[in-house]
Protein chains: 2
Amino acid sequence: MRKTFLFLDTIVNKVDAKGRVSLPADYRSIVKETASEIVCYRSFNSPCIEGCLETMLDKLADEMDSNLDFFSETQDEISNLLFGDSKRYPFDSTGRIMLSEKLLKHAEITDTAVFVGKGRKFQIWNPQNWEKEEQRIRTAVLKNRPSIKKSENDR
Amino acid sequence: MRKTFLFLDTIVNKVDAKGRVSLPADYRSIVKETASEIVCYRSFNSPCIEGCLETMLDKLADEMDSNLDFFSETQDEISNLLFGDSKRYPFDSTGRIMLSEKLLKHAEITDTAVFVGKGRKFQIWNPQNWEKEEQRIRTAVLKNRPSIKKSENDR
DNA sequence: AATATGCTTATGGTATAACATGGGATTTTA
DNA sequence: TAAAATCCCATGTTATACCATAAGCATATT
């Protein structure tokens, strides 16, 4: 029986000179139920960091674990990339993680990080990039679903 | 209840004049739970070394016994190659292993080794070769699976 | 309504432990 | 007995644990 959990909301936190960031308290309380660390990797599609629970990757490993995969030349390449790029980020007693140079560079993060809930996972953005991305998404939504427009105007 | 373990991340370590390499601490802590050695063999598909826990090979042997019809003849042959090529590599008190000439030559490794997590197993690469391989995989993923793009963001 | 109080969370700094790596000593094996 | 493998200790570097302070937020109090 799987426990339900959701990463929600958008939280802005400072990144110090050492690359440390407080994991938002909400997120931390979710993680704490099963672990004392999160797993992060570079998003394939966007200049941002993605984070999730290790159990997500474990499930993936199980699916690839059959002997066929063991020999397969065309073994799922995404999974390969994912495992190689992912890393555990434990948080200390104050709830901070230390993001690697590689991740920070990929997401163009220097002194401020934006945590964006995505349900089973979350993303970490540079503030300016996130603003643009959110704008982009909103525009795309309005274009594809004009019916939304009305309710937006009501506000 | 299966204990979860995952080889993750990409770690670069030096290979000294004696051929010694530190097994990354993360990997070592995984291995230590069940053994004081890893099993390595030459990858069939790439110029790299593959490493795993002996239990992985054990499981493979089991499945070869019970599921003969499930495996093709060629897979059977490959399995036998695998067992013949595999060797145990114990690590000392400081966590180092000594890779054989055969493995180092196959992977074209001289003074630097790159450990790449692959979930239930891992690979060891020559730095330049890994760089090229990662590039290749990233390109292949984006080209062959554009659908990922959408579903990734939706999650 | 305004202010006070206490709690949770965020942030800065420092001490400590863990790790990778080099070198030398001891043991094994061919 | 020479060469190679294994073990053990030493060191610089880096990450992690810990402590201390500051900032927000909600509730309680007047």
Side-chain angles (χ1 to χ4, degrees), chain A residues 7-33 35-41 49 51 54 86-105 109-117 122 124-127, chain B residues 7-33 35-40 49 51 87-105 109-117 122 124-127 130:
Chain A
F7 293 110
L8 298 176
D9 204 2
T10 301
I11 296 102
V12 180
N13 278 347
K14 287 264 180 71
V15 181
D16 72 12
K18 297 178 190 173
R20 293 184 301 184
V21 213
S22 279
L23 194 67
D26 271 7
Y27 293 14
R28 216 184 308 151
S29 68
I30 290 172
V31 179
K32 263 184 178 169
E33 291 178 16
S36 63
E37 60 196 10
I38 57 169
V39 170
C40 290
Y41 54 91
I49 302 165
E54 184 169 348
S86 294
K87 185 176 178 339
R88 297 183 187 86
Y89 290 86
F91 43 82
D92 62 21
S93 55
T94 64
R96 277 182 297 194
I97 56 176
M98 210 181 104
L99 297 171
S100 71
E101 267 305 311
K102 187 176 75 175
L103 291 183
L104 292 172
K105 191 176 168 191
I109 293 172
T110 54
D111 60 352
T112 310
V114 182
F115 290 79
V116 184
F122 58 88
I124 313 176
W125 285 80
N126 159 304
Chain B
F7 293 108
L8 299 178
D9 203 4
T10 300
I11 297 105
V12 180
N13 278 349
K14 289 262 180 72
V15 181
D16 71 12
K18 298 177 188 175
R20 296 181 300 182
V21 213
S22 279
L23 193 66
D26 267 10
Y27 291 15
R28 216 185 308 151
S29 68
I30 290 171
V31 179
K32 265 185 178 168
E33 290 178 16
S36 63
E37 59 196 12
I38 57 171
V39 170
C40 291
I49 303 166
K87 185 176 177 334
R88 296 185 187 87
Y89 290 86
F91 44 82
D92 64 20
S93 57
T94 62
R96 279 183 290 199
I97 54 175
M98 218 183 99
L99 298 169
S100 71
E101 266 306 312
K102 186 176 75 175
L103 291 183
L104 292 173
K105 191 177 168 191
I109 293 172
T110 54
D111 61 349
T112 310
V114 183
F115 291 78
V116 184
F122 60 89
I124 312 176
W125 285 79
N126 160 304
W130 169 244

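What you see is a predicted model, and the numbers here were worked out from it, not measured in a lab. Order of the sequence lines sets the chain letters (A, B, ...), proteins ahead of strands, with each chain counted from 1.
A:Phe122 and A:Phe115 have tilted rings, their planes meeting at an angle from 30° to 60° on a 0 to 90° scale.
Of the inter-residue distances, the one linking B:Lys14 atom NZ with B:Thr112 atom OG1 reads 6.5 Å to the nearest 0.5 angstrom. Here the CG atom belonging to A:Asp111 is positioned 12.0 Å from the CG atom belonging to A:Asn13, to the nearest 0.5 angstrom. Separating the CG atom in B:Leu23 from the CD1 atom in B:Ile38 is a distance of 5.0 Å, to the nearest 0.5 Å.
Distance CD (A:Glu37) to C1' (D:dT16): 13 Å, rounded to an integer number of Å. In this entry the distance linking CG of B:Asp16 with C1' of D:dA4 reads 13 Å, nearest Å. Spacing between atom CD1 of A:Ile11 and atom C1' of C:dT11 amounts to 17 Å, rounded to whole angstrom units. Here the P atom of nucleotide C:dT8 and the CG atom of A:Asn13 are 18 Å apart, to the nearest Å. Atom-to-atom, CZ of B:Phe115 to C1' of C:dC19 comes out at 14 Å; the value is rounded to the nearest Å. Taking atom NZ of residue A:Lys14 and atom C1' of nucleotide C:dG12, one finds them 11 Å apart after rounding to whole Å.
Screening A:Arg88, A:Arg96, A:Lys32 for a salt bridge (Lys or Arg N to Asp or Glu O under 4.0 Å) involving A:Glu37 leaves a single residue, A:Arg88.
OP1 or OP2 of C:dA10 has at least one side-chain nitrogen or oxygen of A:Arg28 nearer than 4.0 Å.
Looking at heavy atoms from C-beta onward, B:Ile109 lies in side-chain contact with B:Ile124 at the 4.5 angstrom threshold. Taking the side chain as every heavy atom from C-beta outward, B:Tyr27 and B:Ile11 approach each other to under 4.5 Å.
Within the nucleic acid shown, A:Leu23 comes within 4.0 Å of sugar-phosphate atoms alone, with no base atom in reach, counting heavy atoms only.
For B:Ser100, the side-chain contact (heavy atoms from CB on, under 4.5 Å) partners at least two apart in sequence or on another chain are B:Tyr89, B:Lys102, B:Leu103.
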Can you name the atoms? Protein N/O to nucleotides 14-18 of chain C N/O, anything below 3.5 Å, with the distance.
| unit_1 | atom_1 | unit_2 | atom_2 | d |
| --- | --- | --- | --- | --- |
| C:dT14 | O4 | A:Lys18 | NZ | 2.7 |

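B:Val21 and B:Ala113 make their closest contact through CG1-CB, 4.2 Å (heavy atoms, listed as atom of the first residue, atom of the second, distance).
Remark: A:Thr94, A:Arg96 in residues 87-96 of chain A come within less than 4.0 Å of DNA chain C through at least one heavy atom.
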